[in-house]
Amino acid sequence: MDHEADAYRTDLMTITRFVLNEQSKYPDSRGDFTILLSNIVLGCKFVCSAVNKAGLAKLIGLAGETNIQGEEQKKLDVLSNDVFVKAFVSSGRTSVLVSEEDEEATFVESSQRGK
């Protein structure tokens, strides 16, 4: 095994590339799952960026609210919840979202609703 060659490998397999490759194996697929996963990946990247600069952006600490389980919400929890709700809604592949950070379910507007 050539560890030095692996260290400089540039042909990386991203999750998006992997999912697209797998989707191509199923000719009847419409790409709904792929679109949903792409939006999850985007949300993860945004949250990762926010975590990396949390101290600078004053995202550390409590948000001053409690979730439905009675736990104090942290600023990053609230931000992450907002990011993923928007990612799921904008995918056009969801209808109803639930989260421990929200007391009520989020019903997606009919113009953006998935099946």
Side-chain angles (χ1 to χ4, degrees):
M1 177 175 263
D2 188 358
H3 293 290
E4 187 173 330
D6 284 344
Y8 296 106
R9 208 173 128 227
T10 58
D11 185 28
L12 302 176
M13 178 63 74
T14 65
I15 190 168
T16 302
R17 186 170 147 197
F18 174 80
V19 171
L20 288 171
N21 287 344
E22 290 298 307
Q23 177 186 317
S24 69
K25 296 177 184 176
Y26 302 91
D28 293 337
S29 69
R30 297 187 329 250
D32 291 337
F33 187 64
T34 301
I35 290 169
L36 192 57
L37 277 178
S38 290
N39 283 41
I40 291 170
V41 168
L42 181 63
C44 289
K45 288 178 180 180
F46 186 92
V47 170
C48 179
S49 176
V51 167
N52 285 335
K53 59 186 176 188
L56 296 172
K58 298 188 174 151
L59 292 172
I60 296 175
L62 299 175
E65 300 175 25
T66 56
N67 64 21
I68 60 171
Q69 297 173 338
E71 302 165 336
E72 289 287 325
Q73 287 181 313
K74 295 177 176 61
K75 292 177 185 178
L76 281 171
D77 291 341
V78 173
L79 174 70
S80 298
N81 186 64
D82 290 344
V83 165
F84 280 102
V85 166
K86 288 176 181 164
F88 285 127
V89 169
S90 70
S91 75
R93 302 303 186 270
T94 56
S95 296
V96 180
L97 305 169
V98 293
S99 168
E100 73 172 351
E101 303 302 333
D102 298 321
E103 288 186 33
E104 302 290 326
T106 300
F107 293 91
V108 180
E109 292 180 28
S110 59
S111 63
Q112 294 183 297
R113 188 172 299 153
K115 294 180 181 181

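Just so you know, residue 1 is the first one in the sequence shown, and it goes up from there.
There is a path of hydrophobic side-chain contacts, each under 4.5 Å, that joins Val41 to Phe33. When hydrophobic clusters are built by joining Ile, Leu, Val, Met, Phe, Trp and Tyr residues whose side-chain heavy atoms come closer than 4.5 Å, directly or via intermediates, Ile15 is grouped together with Phe46. In the hydrophobic cluster analysis, where Ile, Leu, Val, Met, Phe, Trp and Tyr join through side-chain heavy atoms closer than 4.5 angstrom, Leu97 is grouped apart from Val78. A single hydrophobic cluster is seen to contain both Met13 and Ile40, as judged by linkage of ILVMFWY side chains at heavy-atom distances under 4.5 Å, directly or through other members.
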Donor-acceptor pairs are to be reported for all side-chain atoms of residues 105-115 against protein atoms at under 3.5 Å, with residues two or more places apart or in another chain.
| from | atom 1 | to | atom 2 | distance (Å) |
| --- | --- | --- | --- | --- |
| Arg113 | NE | Val108 | O | 3.0 |
| Arg113 | NH2 | Val108 | O | 2.6 |

Please list, one pair per line, the donor and acceptor atoms closer than 3.5 Å that link side chains of residues 79-90 to other protein atoms, with sequence neighbours excluded.
| from | atom 1 | to | atom 2 | distance (Å) |
| --- | --- | --- | --- | --- |
| Ser80 | OG | Leu76 | O | 2.8 |
| Asn81 | OD1 | Ser99 | OG | 2.7 |
| Asn81 | ND2 | Asp102 | OD1 | 3.4 |
| Asn81 | ND2 | Asp102 | OD2 | 3.2 |
| Ser90 | OG | Asn39 | ND2 | 3.3 |
| Ser90 | OG | Lys86 | O | 3.0 |
| Ser90 | OG | Ala87 | O | 3.2 |

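Atoms OG1 and CG, on Thr14 and Leu20 in that order, are 8.0 Å from each other to the nearest 0.5 Å. Between the OG atom of Ser91 and the CG atom of Leu36 there is a distance of 5.0 Å, given to the nearest 0.5 Å. The OG1 atom of Thr16 sits 11.5 Å away from atom CD of Gln23, with the distance rounded to the nearest 0.5 Å. To the nearest 0.5 Å, the span separating OH on Tyr26 from OG1 on Thr34 amounts to 11.5 Å.
Remark: the backbone N or O of Lys45 is not paired with any side-chain donor or acceptor of Ser49 at under 3.5 angstrom.
Taking all atoms of both residues into account, the shortest heavy-atom contact from Leu12 to Arg17 is O-NH1, 2.8 Å.
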